[in-house]
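Everything below concerns the one structure shown next.
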Amino acid sequence: MPGPQRWEFLKTFFRDPRVASVSPTSPAAVARICQTFDFSSPLTIIELGPGNGAFTRYLLSRMTADSRLLAVELNSTFVATLNAWHDPRLAVVQDSAENLSALLAARGFPPADAAISGIPFSFFPGERQEGIMRQVAEALKPGGVFIVYQFSPQVGAHLKAVFPRVAARRVWRNLPPLSVYDATR
Ligand SMILES: C[S@@+](CC[C@H](N)C(=O)[O-])C[C@H]1O[C@@H](n2cnc3c(N)ncnc32)[C@H](O)[C@@H]1O
């Protein structure tokens with residue numbers, strides 16, 4: 001990721017502790033985490049906590065022209081950055097992932113093939129984590145996958161309380177390395 005984007009991320013982290021990381025996810029880790037997506041057909045994806053777009057950029061560069069990506073981000077600096085891309089496939093909403101069901105209903109967003117999240121789940125008590133996860137599960141098509149990447153593995157137990165199938169993996173090419181979960185509805 002180019003220097004200006006890393007600098008924007010670091011500055012935003014110092015102003016907003018909810019950013020929860022000093023740098024965006026590395027391009028190598030993004031590619032590894034997204035390796036399960038099949039970009040050859042149209043996809044409908046929900047992204048929670050896109051930051052300044054490490055995953056968003058990767059997804060848009062591979063998704064078909066008729067795919068859709070809804071990004072839910074709390075921080076106004078990041079929302080402005082993503083909106084400046086003017087990609088018709090991307091809708092950016094400044095709100096909390098905790099309001100996901102209402103956001104999707106208000107937009108008539110269709111059932112999603114996948115969701116991906118970098119929000120700092122460990123900042124929330126367990127029942128609020130699972131509240132977000134349940135909203136994601138309801139937003140997915142049957143068989144849809146929720147990919148969660150975190151520095152801490154604590155989120156795995158909560159995902160298992162909500163999703164019938166959860167696979168854990170470790171992605172090393174990031175500082176610090178990431179715990180990644182693929183939770184299938
Ligand atoms: C660790 S950063 C990940 C950023 C980006 N996805 C990446 O991988 O580089 C977490 C992001 O989640 C956002 N965030 C934190 N809590 C959130 C919430 N409740 N709803 C939506 N976004 C949230 C933060 O503002 C930040 O952009």
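This is a predicted model, so every value here is computed, not measured. Every number for a ligand or one of its atoms is a count from 1 in the order of the listing. The basis for the numbers below is simple: all heavy atoms, side chains too, and nothing from hydrogens, waters or symmetry mates.
With distances taken over non-hydrogen atoms, the option nearest atom 10 (C) of ligand 1 out of P24, G118, A71 is G118. Comparing heavy-atom distances from atom 3 (C) of ligand 1 across S117, P50, P120, G49 singles out G49 as nearest.
Side chains of Q150 and S179: no donor on one and acceptor on the other come within 3.5 Å.
Applying the 4.0 Å criterion to heavy atoms of F55 picks out, from ligand 1, the atoms 8 (O). Atoms of ligand 1 found under 4.0 Å from any heavy atom of R18 (numbered from 1 in listed order, with element): 15 (C), 24 (C). The A54 neighbourhood of ligand 1 comprises atoms 9 (O), with distances under 4.0 Å to a heavy atom of that residue. With ligand atoms numbered from 1 in the order given, ligand 1 contributes 27 (O) to contacts under 4.0 Å with heavy atoms of F78. If you number the atoms of ligand 1 from 1 as listed, the ones under 4.0 Å from a heavy atom of F124 come out as 19 (N). Annotation for ligand 1: atoms under 4.0 Å from non-hydrogen atoms of A97 are 18 (C), 19 (N), 20 (N), 21 (C). Close contacts between ligand 1 and I119 involve ligand atoms 12 (O), 14 (N), 17 (C), 21 (C), 22 (N), 23 (C) [criterion: under 4.0 Å to a heavy atom]. Near V72, meaning under 4.0 Å from any of its heavy atoms, are these atoms of ligand 1: 21 (C), 22 (N).
A 4.5 Å side-chain heavy-atom check between I45 and M63 finds at least one atom pair inside the cut-off. Taking the side chain as every heavy atom from C-beta outward, W172 and R32 never approach each other to under 4.5 Å. The closest side-chain heavy-atom distance from R169 to D182 is below 4.5 Å. For the pair F151 and S21, the minimum side-chain heavy-atom distance is below 4.5 Å.
Within the structure, the closest approach of D95 to ligand 1 falls below 4.0 Å when heavy atoms are considered. Taking 4.0 Å as the cut-off, L74 counts as a neighbour of ligand 1 on heavy-atom distance. Under a 4.0 angstrom heavy-atom cut-off, E73 registers as being in contact with ligand 1.
Side chain of S26 to main chain of A29: a donor-acceptor pair is present (N/O by atom type, distance under 3.5 Å, no hydrogens or angles). Checked by atom type and distance alone, the side chain of E73 never pairs as donor or acceptor with a backbone atom of V79 at under 3.5 Å. For N52 (side chain) and Q5 (main-chain N/O), a donor-acceptor pair under 3.5 Å exists by modelled atom type.
Contacts between F151 and ligand 1 below 4.0 angstrom, taking non-hydrogen atoms only, are absent altogether. With a heavy-atom cut-off of 4.0 Å, F123 does not touch ligand 1 at all. Contacts of S96 with ligand 1, taken as heavy-atom pairs under 4.0 Å, involve both backbone and side chain.
On a distance-only criterion, N75 and ligand 1 share no N/O pair closer than 3.5 Å. At under 3.5 Å, a nitrogen or oxygen of Y149, whether backbone or side chain, sits near a nitrogen or oxygen of ligand 1. No N or O atom of S21 sits closer than 3.5 Å to an N or O atom of ligand 1. Close N/O approach between S23 and ligand 1 is not found [any backbone or side-chain N/O within under 3.5 Å].
The number of heavy-atom neighbours closer than 6.0 Å to CZ of R185, taken from other residues, nucleotides and ligands shown, is above 12.
Taking Ile, Leu, Val, Met, Phe, Trp and Tyr as hydrophobic and joining them when side-chain heavy atoms fall under 4.5 Å apart, one finds L104 in a cluster with I46, L48, L70, V72, V93, L100, L103, F109, I119, F121, F124, I132, M133, V136, L140, F146, V148, V155, L159, V162, F163, V166, Y181.
Each of W7, F14, F13 was checked for a side-chain contact (heavy atoms from CB on, under 4.5 Å) with K11, and the lone residue meeting it is W7.
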Using the rule given for side-chain contact (heavy atoms from CB on, under 4.5 Å), can you reason through C34 versus I147, listing the C-alpha separation, both sets of side-chain angles and the distance that settles it, and then say yes or no? CA-CA 9 Å; C34 295; I147 301 179; 6.0 Å; no
